[in-house]
Amino acid sequence: MRWARHAVPAAVTALAALAARDLLQREHALRRNFPLLGRARYLLESLGPELRQYIVAGNNEERPFTRDQRRWVYASAKRQNNYFGFGTDNDIEYTPGYPIIKHRTFGRAVPASTPTIGHEVRLPSAKVLGAARRRAHAFRPESVVTISGMSFGSLSGPAVEALNRGAAIAGCLHNTGEGGLSPYHRHGGELILQLGTAYFGCRDDRGRFDLARLKDVVAGAPVRALEIKLSQGAKPSLGGLLPAAKVSAEIAATRGIPTGRDCVSPSRHAEFSDCDSLLDWVELLAAETGLPVGIKSAVGDLDFWTELADLMRDTDRGVDFVTVDGGEGGTGAAPLIFTDSVSLPFQQGFARIYPIFAERDLHEQVVFIGSGKLGLPDNAVVAFALGCDMVAVGREAMLAIGCIQAQKCHTDTCPTGVATQNAWLARGLDPASKAVRAAHYIKTLRRDLTKVAEACGVEHPGLIDTDAVEILGGRTSATPLREVYGYRPGWGLPSAADRQAVVKLMSTEAPQGGSAPPSPTAQR
Ligand SMILES: Cc1cc2nc3c(=O)[nH]c(=O)nc-3n(C[C@H](O)[C@H](O)[C@H](O)COP(=O)(O)O)c2cc1C
Ligand code: SF4
């Protein structure tokens, strides 16, 4: 066995070199965290389509995100070819509830045909945030896609930094989540500052909300709006607990809490206790900061919404935006019964609350933001048709920066460094390169939304109406979205003035497609 005497050390040296390369490269967090072993995952992923033909689940069987959906996000984030060949493998004909978008043959807008065209298109909101209530710092968000609130604490520092830098590159807003504004949120991306029940980052030593601290935080960072978190689709009515072991010095400083003790978020706010006092607080925050102020909530019982809308109609107080989070939404950790069964899924929840505002003529004054798997273009288009002005993407943005849907976010052992405070695992995530991926993903989503809008004959996804979407009832029936949810004509669209303004904006933005040169006999 003389050959073995040379071959074994050579193999060991080669493996050691490969491991060192894995450790030092920055592109793949999994390989950085698990040298050599991590390669197996990429190998299996590349062989996946062939292997699955014989042994494992299909392209549409995994949840929360199917393999096809994840492949689309990964390819978009890497600016690889994100097209799919051979035709759909969704069971369109036999899946009740499947949405179909209806293209228009001779529409006003014409989609450009090259796949990459439109990547750099700006897709601003059709409504100006805070304009209706004349807030001092009202503004038109540059991007209809925003990054949803996910705290530093549930996500690692490098993950938050990657998202913030990505938001800066893509020109979109980044919601801090309820864990406060950390140093990782200060990398150029503009922010929506979320205020949860614990008022992290703007509380005093006794845990009480502290207006002066809030104003300091707002003054020291590019905060463009405030979001009061009432609930989250995956765990409505629940507070939260960050165990003492995870309360690092950095997290303690960001949140304004002591180290080494469990960090509890109560389940209710202390600053208000009903819709009336909520609106008082909204107006106080808006007056003190000049910022637009909104709420985030899941949808369950509708009493809250009717009372809120009644008060907005009958008094001179109101929220500038409403973020509706679907029950299918994500969380760092929550009891199974809450993630699985409490609060309505996005589409049904949103379609119940939008009419409450519309019946009181408030729908054109409020900016509606949707979340709950709306980082996928087909879901987002339905959300826009129902009346959303913007979408907030959470887990899809996590996928873009390397999450592999291992679903261990609650264990602090996230293998890709996205949702962990373990220093070794978090180190694997390189914020600079992942920021570019987050930005690519957001830009691609915007491009696809623009293309679909144009296929429907309009310039902007906010102009897609409920008649442009039908919901299949199986093989032989389909109902327009408007009928499914009892929308009146015009519901779901911005005001006439906002429509006109956004058409003007988009006409200078989106490159239009066209036809080949006409023949001499063409009927024009
Ligand atoms: C790890 C993680 C942490 C989250 N933290 C917050 C939070 O601090 N505040 C909040 O309102 N929602 C939080 N969410 C919910 C998301 O903001 C979002 O509403 C939800 O995941 C639905 O969007 P998605 O389907 O695009 O992920 C969190 C979600 C995840 C996955
Ligand atoms: S634990 Fe899994 S699902 Fe959670 S962020 Fe990490 S890779 Fe993604």
Side-chain angles (χ1 to χ4, degrees), residues 25-32 42 45-46 65-84 111-124 141-148 150 155-156 158-175 184-185 187-190 371 373-381 390-405 416-418 428-454 461 509-511:
Q25 58 80 39
R26 290 173 172 269
E27 206 185 336
H28 302 288
L30 207 58
R31 272 171 52 199
R32 223 167 160 216
Y42 294 106
E45 186 183 86
S46 65
F65 295 94
T66 66
R67 196 175 293 258
D68 272 354
Q69 290 168 338
R70 283 185 285 130
R71 249 178 69 205
W72 178 81
V73 175
Y74 294 143
S76 302
K78 292 178 192 164
R79 280 256 163 111
Q80 292 170 345
N81 180 349
N82 64 358
Y83 279 26
F84 286 68
S113 15
T114 358
T116 49
I117 206 156
H119 265 133
E120 300 304 326
V121 166
R122 262 182 357 133
L123 194 54
E142 284 287 299
S143 165
V144 296
V145 180
T146 67
I147 297 177
S148 204
M150 294 177 291
L155 298 191
S156 66
V160 173
E161 180 178 333
L163 293 176
N164 190 259
R165 285 174 185 257
I169 300 170
C172 79
L173 292 164
H174 178 197
N175 190 312
Y184 301 102
H185 287 104
H187 290 273
E190 294 192 329
S371 58
K373 295 169 84 169
L374 301 186
L376 305 167
D378 48 344
N379 291 345
V381 167
M390 297 167 68
V391 291
V393 301
R395 290 163 297 173
E396 301 87 330
M398 289 163 67
L399 292 172
I401 60 168
C403 159
I404 55 168
Q405 194 166 269
T416 59
V418 175
L429 195 155
D430 176 47
S433 61
K434 299 297 188 209
V436 175
R437 293 206 179 161
H440 282 167
Y441 156 70
I442 290 161
K443 290 180 180 185
T444 308
L445 177 59
R446 290 197 303 233
R447 181 207 62 179
D448 279 12
L449 290 172
T450 314
K451 277 182 162 232
V452 177
E454 289 166 340
E509 272 300 324

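All heavy atoms count here, side chains included; hydrogens, waters and symmetry mates do not. Position 1 is the first residue of the sequence; numbering continues from there.
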Participant: Exactly one of Val73, Val145, Asn82 should register a side chain to side chain contact (heavy atoms under 4.5 Å, CB included) with Tyr441. Which one does?
Facilitator: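 Output: one option passes, namely Val73.
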
Participant: Ignoring hydrogens and geometry, is there a side-chain-to-backbone donor-acceptor pair from Gln80 to Ala75 under 3.5 Å?
Facilitator: no

Participant: Can any side-chain N or O of Ser156 pair as donor or acceptor with the backbone N or O of Gly417 at less than 3.5 Å?
Facilitator: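 Answer holds: yes.
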
Participant: Please tell me if the side chains of Asp378 and Val452 come closer than 4.5 Å, counting only heavy atoms from C-beta onward.
Facilitator: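 With C-beta onward as the side chain, the pair stays apart.
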
Participant: Indicate whether any N or O donor in one side chain lies under 3.5 Å from an N or O acceptor in the other, for His185 and Asn164.
Facilitator: no

Participant: Examine distances only and state if a side-chain atom of Arg32 and a backbone atom of Gln25 form a donor-acceptor pair shorter than 3.5 Å.
Facilitator: yes

Participant: For Arg446 and Cys172, which heavy atoms make the closest approach, and how far apart are they?
Facilitator: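 Minimum heavy-atom contact is NH1-CB, 4.3 Å.
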
Participant: So, Asn175 versus Ser148: side-chain donor-acceptor pair below 3.5 Å or not?
Facilitator: no

Participant: Are the side chains of Glu190 and Glu142 in touch, meaning some heavy atoms are under 4.5 Å apart?
Facilitator: no

Participant: Name all residues meeting the side-chain contact (heavy atoms from CB on, under 4.5 Å) criterion together with Ala168; count only those two or more places apart in sequence or in a different chain, and write none if there are none.
Facilitator: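 Checked Ala168 against side-chain contact (heavy atoms from CB on, under 4.5 Å); zero matches.
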
Participant: Go through it in stages, so that I can follow the logic: the residues are Ser143 and Arg122, the test is side chain to side chain donor-acceptor pair (under 3.5 Å), and I'd like the CA-CA distance, side-chain angles, deciding distance and then a yes or no.
Facilitator: CA-CA 7 Å; Ser143 165; Arg122 262 182 357 133; over 6 Å; no

Participant: Applying side-chain contact (heavy atoms from CB on, under 4.5 Å), can you list everything that pairs with Cys403, at least two apart in sequence or on another chain?
Facilitator: Met398, Leu399, Val418

